[in-house]
Peer 1: 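Starting off with a structure, shown below.
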Amino acid sequence: MKLLSIQNISKQYTANDAPAVNGVSFECERGEIVALIGGSGSGKTTLLRIIAGLETPDTGEVVLDEKPLNSPSVFVPPEKRDCGLVFQDYALFPNKTVQQNITFGKGAADDPKQVKRLIELAGIGGLEQRFPHEISGGQQQRVALVRALATRPTLLLLDEPLSHLDPELRDSVRTELLKLFRETDTTVLFVSHDIEDAMAMADRMVVMREGAAEQIGTPGEVYDRPVSQHVARLFGKTNFIPAGLLPNAPHSIPSENGTGRVVPVRPHQWRVSDRSPAFSGTVQSVTNRGSHREVTLATEHLALTIHLTEQIVINTGDALTVSCTLPD
Ligand code: ADP
Ligand code: MG
């Protein structure tokens, strides 16, 4: 039995609008870290709020640790669900110290040793007597997380937990969070619109689009075998090559414009090479990106975006022949 099972969840806020969540089903294993990703308005927050009990679905079931939370005949209120919830704006009590904030939740003060340990793990030791305005945004974020973890929830729900952090802080907070989750064996469902957060932290990802779960898989699976152009583009600029031009490609997807199938090729998967099937064209632009150069190449039928790490001289107007190497 999975720790969390959600089956066929749908929610429409207003009759005239499209459903915010539309027939979503997936499961989380105990201890698993799952990312819900997708663009703004794709239904991520609504789904999280339904699991937390802050919103009632029109259809579907939520089962946590074999206990039905939502079904046609059951509704367990939020405070009776064994879920910790951290929202985007991590609302700490401004007039309470860090320590008071952390031990506020039900049962959070029961095990001072565990609380102390969580504080150390989260890297906020020594800040216990400060007030929220006396610590940084990243530290506030971690206080909110420790507050949620201190109640020892079976399931931790996080809505864009890293969205307020600047890029430098983000990396270290990610690492610390992962350590915290693994060491406390917490099952985590976190919402992100940032593919990097999901790639770095999640065991599996659920890609949301227009209220539906478009693809569910490990980050590697979703990256290597996206089911659609939409999913492929989540990872950044992607070339879509008509499948007929890459007959041995291991993976192809339906073209968005309905003209057969295309093969997603990432910019870094190209090399300067005439190994067949090769693509020849004229260099339209060369942009230095530090770790690589981004080259746009106009071939007879396609405009390709290519990331080159080779130390060769390339200028706009040059003729160039490239081929790609794709994962099996
Ligand atoms: P996400 O978190 O992926 O950005 P949301 O779940 O917040 O998406 O929103 C999904 C859709 O539901 C959007 O179209 C949004 O406008 C709508 N929506 C969200 N909350 C409400 C609400 N309380 N009332 C009406 N519509 C809502
Ligand atoms: Mg949201």
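As the structure lists them, so they are numbered: ligands from 1, and atoms in each ligand from 1. Numbers for residues simply follow the sequence, beginning at 1.
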Peer 1: Nearest protein heavy-atom contact for atom 19 (C) of ligand 1: which residue, which atom, what distance?
Peer 2: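 Ranking protein heavy atoms by distance from atom 19 (C) of ligand 1, first comes Tyr13 CE1, 3.3 Å.
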
Peer 1: Within a distance under 4.0 Å of any heavy atom of Gly39, pick out the atoms of ligand 1 and give their elements.
Peer 2: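 Listed by number with element, the hits are 3 (O).
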
Peer 1: Give the numbers and elements of all ligand 1 atoms closer than 4.0 Å to a heavy atom of Ser42.
Peer 2: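 Listed by number with element: 1 (P), 3 (O), 8 (O).
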
Peer 1: Does atom 26 (N) of ligand 1 have a protein non-hydrogen atom under 4.0 Å from it?
Peer 2: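 So atom 26 (N) of ligand 1 has protein heavy-atom neighbours under 4.0 Å.
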
Peer 1: Looking at Glu120 and Lys116, is any side-chain nitrogen of the basic one under 4.0 Å from a carboxylate oxygen of the acidic one?
Peer 2: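 Looking at Glu120 together with Lys116, the answer is yes, because their closest N to O distance falls below 4.0 Å.
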
Peer 1: Is it true that, when you exclude Glu310 itself, more than 12 heavy atoms of the residues, nucleotides or ligands shown sit nearer than 6.0 Å to its CD?
Peer 2: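 Count over threshold, so yes.
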
Peer 1: Does the protein place any heavy atom closer than 4.0 Å to atom 15 (C) of ligand 1?
Peer 2: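 Protein heavy atoms within 4.0 Å of atom 15 (C) of ligand 1 - there are none.
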
Peer 1: Does Arg30 come within less than 4.0 Å of Asp65, counting only side-chain N to carboxylate O?
Peer 2: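 Looking at Arg30 and Asp65, the cut-off is met.
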
Peer 1: Under a 4.0 angstrom heavy-atom cut-off, which atoms of ligand 1 come close to Thr46?
Peer 2: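 Close to Thr46: 5 (P), 6 (O), 9 (O).
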
Peer 1: Can you check whether Ala20 has an N/O within less than 3.5 Å of an N/O in ligand 1?
Peer 2: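 N/O-N/O distance under 3.5 Å: no.
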
Peer 1: Would Thr305 and Thr296 satisfy side chain to side chain donor-acceptor pair (under 3.5 Å), going step by step from the backbone distance to the final call?
Peer 2: CA-CA 5 Å; Thr305 300; Thr296 54; over 6 Å; no

Peer 1: Have a look at Thr186 and tell me which of Leu155, Ile33, Leu149 forms a side-chain contact (heavy atoms from CB on, under 4.5 Å) with it.
Peer 2: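 Result: among Leu155, Ile33, Leu149, Leu149 is the only option passing the side-chain contact (heavy atoms from CB on, under 4.5 Å) with Thr186.
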
Peer 1: For His307 and His268, I'd like to know if the aromatic rings sit close, meaning centre-to-centre distance below 6.0 Å.
Peer 2: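 They do not qualify: ring centres at least 6.0 Å apart.
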
Peer 1: What residue and atom, counting heavy atoms only, is the protein's closest point to atom 8 (O) of ligand 1, and at what distance?
Peer 2: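 Scanning the protein heavy atoms, the shortest distance from atom 8 (O) of ligand 1 goes to Gly43 N, 3.2 Å.
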
Peer 1: Salt-bridge test for Glu32 and Lys2: reply yes if a basic N is under 4.0 Å from a carboxylate O, no otherwise.
Peer 2: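 Salt bridge between Glu32 and Lys2, a charged N being under 4.0 Å from a carboxylate O: no.
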
Peer 1: Out of curiosity, is Ala18 lining ligand 1, as in a heavy atom under 4.0 Å away?
Peer 2: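 The answer is no: ligand 1 sits nowhere under 4.0 Å from a heavy atom of Ala18.
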
Peer 1: Which residue owns the protein heavy atom closest to atom 1 (P) of ligand 1, what's the atom, and how far is it?
Peer 2: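 Ranking protein heavy atoms by distance from atom 1 (P) of ligand 1, first comes Gly41 N, 3.5 Å.
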
Peer 1: Return the minimal non-hydrogen interatomic distance between Leu246 and Cys324, and the atom names on each side.
Peer 2: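 Leu246 and Cys324 have their closest heavy atoms at CD2-SG, 3.9 Å.
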
Peer 1: Applying side chain to side chain contact (heavy atoms under 4.5 Å, CB included), run through Thr287 and Arg289 and close with a yes or a no.
Peer 2: CA-CA 6 Å; Thr287 310; Arg289 302 254 186 236; 3.9 Å; yes

Peer 1: So if I count the atoms of ligand 1 from 1 in the order they appear, which ones are less than 4.0 Å from some heavy atom of Ser40?
Peer 2: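 Those of ligand 1 that fall under 4.0 Å from Ser40 are 4 (O).
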
Peer 1: Report the nearest protein non-hydrogen atom to atom 7 (O) of ligand 1: residue, atom name, distance rounded to 0.1 Å.
Peer 2: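 Of every protein heavy atom, Thr45 CB, 3.7 Å lies nearest to atom 7 (O) of ligand 1.
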
Peer 1: Tell me whether the Mg ion (ligand 2) has Thr45 as a neighbour, meaning an N, O or S atom of it below 2.8 Å.
Peer 2: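 A backbone or side-chain N, O or S atom of Thr45 is under 2.8 Å from the Mg ion (ligand 2).
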
